[in-house]
Structure formats: structure tokens, C-alpha cells
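One structure is given below, encoded as C-alpha cells.
Hydrogens, waters and symmetry mates are skipped; everything else that's a heavy atom, side chains included, is used.
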Amino acid sequence: MLPVDTPRHLERLRAFHRRAEAILGLPDSVLLEPVARVSAWSPIQQLFHVLLANELAYRNIRLIAEGTSPWLVAGGGPNLLGFLVLRAEHIPRGRAKAPRIVVPPKRPNPAIVRDTLRSNAAALESIAAGREGVLRAGRRDGGTGIPHQDLGNLGPALWIAFAAIHGHHHLELCEEILARAPVPDHGGAAPA
């Protein structure tokens, strides 16, 4: 059994939402520019990818709790890769290919990304409010979950952990892109 500190991962997701909101307050010209030596995706693409992935993770958590998904799997758990990623709380860079459904467009609309962030934050708070019932539902049948494409069968606690780990992985990429981004020229004279 993989030990999971769900309250800590919920707080890490809240921290991700707060930092994403701050980043999304930057000028669009900064948000939309990738830094090729870091990633082919821009900061806004990094964030939108996570938000799209988390929509799916939060939906999976809800469906496990309701017991209504056709993808429910009783028993099992994460595969070896899933165990390693979840245990280390680290995703190696450049090792995975995002599923098409969570690949962001080349130039995401910042208003849509901000709206998606708000809906993610609301979904997370709904999960957090019903946390005990959600986690109990994942323990039925020896561990009920919905498979992740690369990590194996994840129950609610592991979907929460994955969302937090994945969010911070892309947040680190965002921060690195922003740190290496060229400083915009505002056309004014250099300060004296």
C-alpha cells in the first residue's frame, strides 16, 4: 500500500491554484512566449495543460465516489511507474507524452484559461469538503479506481496526489520559463 497524505496534497493543489492565478495576472505577451531551451510550451500552455488534466482527475474522483464510471476497476493499484512517481513525488522531464485531450492549443485564450482555473479551484473545494466519503469510496472492493494512461489504477487519494505532483512539475517549468524569458523592451529611455 502506498501511503498518501491527502490533506497535504490538497494544500499543494490550493498552492498551485494560487501561484497559477498570480502567473495568469502577467501580461499576455509574457504568458504566450515559450523559451525553447526549457520547453516548447509557453507558461500559459503549461498551466492550461495542468488545468485540463486536473479537470479529468477531479471528474475521475467524483465518478469513483459515485460508483458510476464504466472505467471503474476494483482492486489493483498503480503500476511500477505509478508507484515510483507517486512515492518520489516527482515526474522526470521529457519522459511522457501528454494525451491529445490535455494538449493545450498553441495560443490559449487567457480568459478561457483563467475561467478553467476558477472551475478547477471550485471542483477541488467540493472534493475537499466531501473528502472522507470520497476516500472511503476508493477503498471499496479492495481499492476502486480509474486507470491513468501511464501510472495504472488510481483511487481518489492517488488521483489527488497525482494532480498535486503533476501541477508542481509544470509549475516548476513555468517558473523556469519566466526566469529565462527576455525582458520586454518598453521603448523608453534607460533610467539615469
Side-chain angles (χ1 to χ4, degrees), residues 1-24 43 46-69 71-96 98-99 101-102 116-176:
M1 181 92 183
L2 187 62
V4 179
D5 185 348
T6 301
R8 184 174 68 82
H9 288 301
L10 289 169
E11 192 47 48
R12 289 184 75 208
L13 281 164
R14 290 180 182 113
F16 167 80
H17 291 151
R18 288 189 299 271
R19 185 61 187 133
E21 184 175 19
I23 291 170
L24 290 170
Q46 300 284 344
L47 295 176
F48 200 27
H49 163 70
V50 172
L51 296 170
L52 293 171
N54 284 358
E55 279 185 340
L56 295 174
Y58 299 159
R59 181 205 63 193
N60 287 343
I61 292 164
R62 181 179 49 78
L63 292 174
I64 294 167
E66 293 171 356
T68 58
S69 173
W71 300 287
L72 283 176
V73 174
N79 59 28
L80 179 59
L81 177 62
F83 180 83
L84 293 172
V85 165
L86 293 163
R87 180 78 169 137
E89 296 187 6
H90 174 76
I91 298 172
R93 286 190 183 181
R95 297 288 185 180
I101 194 168
V102 296
T116 306
L117 173 60
R118 284 189 289 276
S119 68
N120 265 227
L124 179 66
E125 292 312 315
S126 177
I127 289 166
R131 183 179 79 214
E132 291 308 315
V134 166
L135 297 177
R136 197 170 30 257
R139 289 190 290 270
R140 73 174 170 252
D141 301 322
T144 298
I146 294 177
H148 178 278
Q149 73 159 18
D150 293 324
L151 305 181
N153 195 34
L154 305 182
L158 295 179
W159 275 109
I160 291 168
F162 168 72
I165 294 163
H166 183 241
H168 281 274
H169 168 77
H170 285 280
L171 197 55
E172 286 174 10
L173 286 164
C174 252
E175 299 288 2
E176 192 173 331

- Counting N and O atoms only, with roles assigned by atom type, does the side chain of Asn153 sit under 3.5 Å from a partner on the main chain of Pro78, one being a donor and the other an acceptor? no
Original post:
Is Arg59 paired with Glu66 through a side-chain N to carboxylate O contact shorter than 4.0 Å?
Top reply: no
dist His170:NE2 -> Glu172:CD (nearest 0.5 Å) comes out at 10.5 Å
- Ring centers of His166, His49 separated by less than 6.0 Å: yes
Practice task
Mind running side chain to side chain contact (heavy atoms under 4.5 Å, CB included) on Asn120 and Glu55 for me, showing each step along the way?
Solution key: CA-CA 6 Å; Asn120 265 227; Glu55 279 185 340; 3.4 Å; yes
Audit row: Leu124, Leu10, side chain to side chain contact (heavy atoms under 4.5 Å, CB included) steps and yes/no: CA-CA 8 Å; Leu124 179 66; Leu10 289 169; 3.6 Å; yes
| message | Keeping Asn54 on the side-chain end and Ala57 on the backbone end, is there a donor-acceptor pair under 3.5 Å? | response | no
Rounded to the nearest 0.5 Å, the NE2 atom of His17 sits from the CG atom of Leu47 at a distance of 10.5 Å
Mark yes when over 12 heavy atoms from residues, nucleotides or ligands other than Glu125 sit less than 6.0 Å from its CD; otherwise mark no.
-> yes
Report task. Could you check if a side-chain atom of Ile146 sits within less than 4.5 angstrom of a side-chain atom of Leu72, using non-hydrogen atoms only? Result -> yes
Subject >> Side chain to side chain, His169 and Arg93, heavy atoms closer than 4.5 Å >> reply: yes
Give a yes or no on whether a salt bridge exists between Glu11 and Arg8, defined as a side-chain N under 4.0 angstrom from a carboxylate O.
no
Ile23 and Leu171, any side-chain heavy atoms less than 4.5 Å apart | yes
Rounded to the nearest 0.5 angstrom, the CD1-OG1 distance for Ile127 and Thr6 is 11.0 Å
In this structure, CG of Leu81 is separated from CG of Leu151 (nearest 0.5 Å) by 5.5 Å
Interatomic distance, CG@Leu63 vs CG@Leu56, rounded to 0.5 Å, equals 10.5 Å
Distance col, row Asn60:CG vs Ser69:OG, nearest 0.5 angstrom, shows 6.5 Å
Checklist entry - Between Phe48 and Leu24, is any pair of side-chain heavy atoms under 4.5 Å apart? => result no
For Asn79 and Asp150, indicate whether the former's side chain and the latter's backbone hold a donor-acceptor pair under 3.5 Å.
yes
Result for side-chain contact (heavy atoms from CB on, under 4.5 Å) between Ile160 and one of Val4, Ile61, Leu154, Ile165 points to Ile61
- Applying side chain to side chain contact (heavy atoms under 4.5 Å, CB included), run through Phe162 and His9 and close with a yes or a no. CA-CA 9 Å; Phe162 168 72; His9 288 301; over 6 Å; no
| request: Report yes if some heavy atom in the side chain of Pro3 is under 4.5 Å from a heavy atom in the side chain of Arg87; otherwise report no. | output: yes
Taking the inter-plane angle between the rings of Trp159 and His148 on a 0 to 90° scale, is it parallel (under 30°), tilted (30 to 60°) or perpendicular (over 60°)?
tilted
